[in-house]
Every structure is written in C-alpha cells, then in structure tokens.
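Just so you know, ligand 1 is whichever comes first in the structure, and atom 1 is the first atom listed for that ligand.
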Amino acid sequence: MQANAPGKLNITLAVGAPDERGYHPLHTIFQAVNVYETVSVRPASQWTVKTFAGETELQFVDPHEHLAVRAVHALFARFRLLGAASIHVHKRIPIAGGMAGGSADAAAALVATRATFGLPLGDNELLEVARSLGADVPFCLLGGTALGRRYGDKLESIPDTPTRHWVFARAHRGLSTPEVFRTFDHLVSQGRQAASLAVAAGVDTDMELAPLEPDVKRALYDTEPVSLGKIMFNDLQQAAFQLRPELAGTVQAALSEGALAAQVSGSGPTVVALAASAEEAQRIGRALQELPQVAGMLVTSGPGKGAEVGP
Ligand code: C5P
C-alpha cells in the first residue's frame with residue numbers, strides 16, 4: 001500500500017524563548033500545499049529503504065535517520081510486528097527546505113504502514129505516534145490549514161480556507177534548523193529581534209489553544225489574498241538572513257515582481273511568496289528562477305490534503 005502526505009508552509013510563525021531542552025515553543029499557522037511525498041510499505045524479510053527524487057536515487061548516510069524508516073519502526077514496535085518492511089519513498093518536496101519534506105515522509109509512512117498491515121489504530125492514536133517522530137509530522141497527517149501551538153504539534157484545524165497560490169524558491173544549499181534557532185536566540189539576546197510570542201515571558205506551553213485573532217481569521221477566509229499577505233510573518237527570518245544574506249534578495253525580488261507577501265519558509269532556506277493568481281505565481285516563479293541564489297522554483301497551491309492512502 002502507498003500513501004501521500006503534503007509539504008507545508010508557515011503563514012505565520014511566532015517563536016518563543018527556548019525551554020530547558022533547548023526547544024522553542026511556537027505559535028504558527030500552517031498550510032499544506034499540493035506537493036506530496038509518496039511512500040509505499042511492503043512486508044519483507046529484510047529492512048530496506050529506497051528514496052527517489054524523479055529518476056535519481058538519493059542516499060541517506062544513516063537510514064535510521066530517515067523519518068519514513070523511523071515512522072515504520074515506531075508502528076512495528078507499538079504492535080510488536082515480526083519481520084521487516086521494504087519502504088519506497090518518492091520525494092517531490094525539496095530537501096532541507098523549510099517545507100517539512102522529512103515530516104511528510106513520516107506522515108505518509110505511518111498511513112501506508114497502518115493500511116498495509118491493517119493496524120487497528122485510530123486517527124488520534126496515529127497523531128500521538130506522529131508527535132513522537134517530530135513536531136511537523138502531526139500537521140503533515142492533518143493537512144489543510146491549521147493553528148499549531150506548543151512545538152507546532154498541538155493542532156486545531158482551520159477548515160475550508162480558500163485556495164492560495166504559492167511560489168517556493170529553493171536555495172542551492174540547505175540550512176541547519178538548530179543553527180537557525182540558535183541564531184534566533186542570539187539575535188533576541190542582543191535585542192536585535194523581539195520574540196513576538198508571549199511564551200518568551202514563560203507562558204505555560206501546555207495551555208489550551210487560544211482562538212485566532214479576529215483580523216487573522218478574517219484574512220485566512222478572505223477570498224481576496226491581499227489581506228492574507230498582510231498577516232504573514234516569520235520570526236526565524238532575520239536569523240535565516242543572518243546566516244544566508246542572499247535570501248533577503250530573494251524575498252525582495254519576489255516583492256518587486258508583485259508577490260503579495262514573501263518570506264523565508266519555516267527555518268529556511270526556501271523562500272515562499274504569495275501570488276494573486278495561478279498565472280501570477282508562474283510569472284513570479286520564472287522571474288525568481290533567474291536569480292543566481294535560486295536553485296529552482298516550485299509553483300503550487302494550498303490548502304493541500306492531509307496524509308492518505310492513494311495512488
Ligand atoms: O524538528 P527538528 O528535528 O527539525 O528540529 C531540529 C532542531 O531544531 C532541534 O533539535 C532544536 O535544536 C531545534 N528546534 C527548536 N525548536 C523547535 C523545533 C526545532 O529549537 N520548535
């Protein structure tokens with residue numbers, strides 16, 4: 001059986017001060033996009049994983065670092081399954097991009113494993129397993145648009161938001177997520193960046209989900225995308241710019257080309273731009289592709305679907 005799970009962007013991303021483990025509490029609005037990882041899982045006598053991007057086979061230094069493998073292992077352990085699995089991952093989401101490609105692999109692997117082995121596992125239990133694999137995995141299961149609290153893993157769906165057109169500009173080299181968070185802390189300690197989230201002052205991160213602010217909710221549902229552009233922000237952007245100054249040029253170029261908003265996606269280095277229409281997205285994508293710091297672009301739309309069994 002195989003399953004698909006979407007990539008994502010963070011429409012808003014507020015970051016608080018790190019907890020005792022060094023993890024940063026987040027308050028974020030996720031949107032899944034219509035770019036999917038496909039993972040198939042088959043019973044086998046030996047563990048194998050193969051990962052392809054198009055026709056190219058990708059090598060992982062340590063297969064146990066592969067989130068799809070960890071996801072299948074987690075379900076084998078939980079249900080004490082014997083034997084092994086052969087896992088096949090077809091990647092479409094850029095790697096190390098801030099689009100949660102690894103988390104989408106895990107989400108698709110969970111759904112594919114449940115289907116392949118007929119595991120009696122409800123969606124809530126699956127979310128629990130997803131949480132143990134990584135903060136973005138639950139959202140890749142859920143899809144759509146959602147408010148994420150705590151580490152982004154405590155989710156509240158924001159159903160039926162209108163279609164948006166997104167352009168993603170890939171960078172030539174990945175950025176280390178821990179390094180981006182460390183740089184964020186450094187900027188905050190120097191007073192060069194205000195942590196926009198109240199958790200910076202030590203708010204209980206387990207608190208109940210707060211409702212969305214009315215202007216944010218209006219912008220999410222407004223059929224005109226202009227107001228959505230106005231509420232977008234990313235607290236990690238300055239840190240990503242500090243580590244990769246050329247990303248500021250990518251953001252600026254997208255805005256000059258008429259994007260309604262442009263910002264670093266997640267912890268970067270991918271830059272995401274909101275376009276007024278599908279045609280505009282294509283045009284902005286072509287312009288960004290000309291920039292030397294842009295390795296490639298991806299034009300897509302959201303909200304995408306959550307992880308599900310499919311062709
Ligand atoms: O979630 P992921 O495994 O990609 O996180 C990698 C690292 O990024 C973590 O080990 C941590 O250093 C940092 N991080 C963080 N706060 C988060 C998410 C990640 O500090 N909410």
Which pair of non-hydrogen atoms, one from [X] and one from [Y], has the smallest distance, and what is that distance?
X      : Y     : answer
Ala112 : Val41 : CB-CG2, 3.8 Å
Tyr36  : Arg92 : O-NH1, 2.6 Å
Ile93  : Glu37 : N-OE1, 3.0 Å

- Do the ring planes of Phe30 and Phe139 sit parallel (below 30°), tilted (30 to 60°) or perpendicular (above 60°)? parallel

- Item | Parallel, tilted or perpendicular: ring planes of Phe52 versus His88, cut at 30 and 60 degrees | parallel

- Listing by chain and number, which residues have a heavy atom under 4.0 Å from ligand 1? Gly22, Tyr23, His24, Leu26, Thr177, Pro178, Phe181

- Atom pair CG/CG of Leu175 and Leu247 - distance to nearest 0.5 Å: 6.5 Å

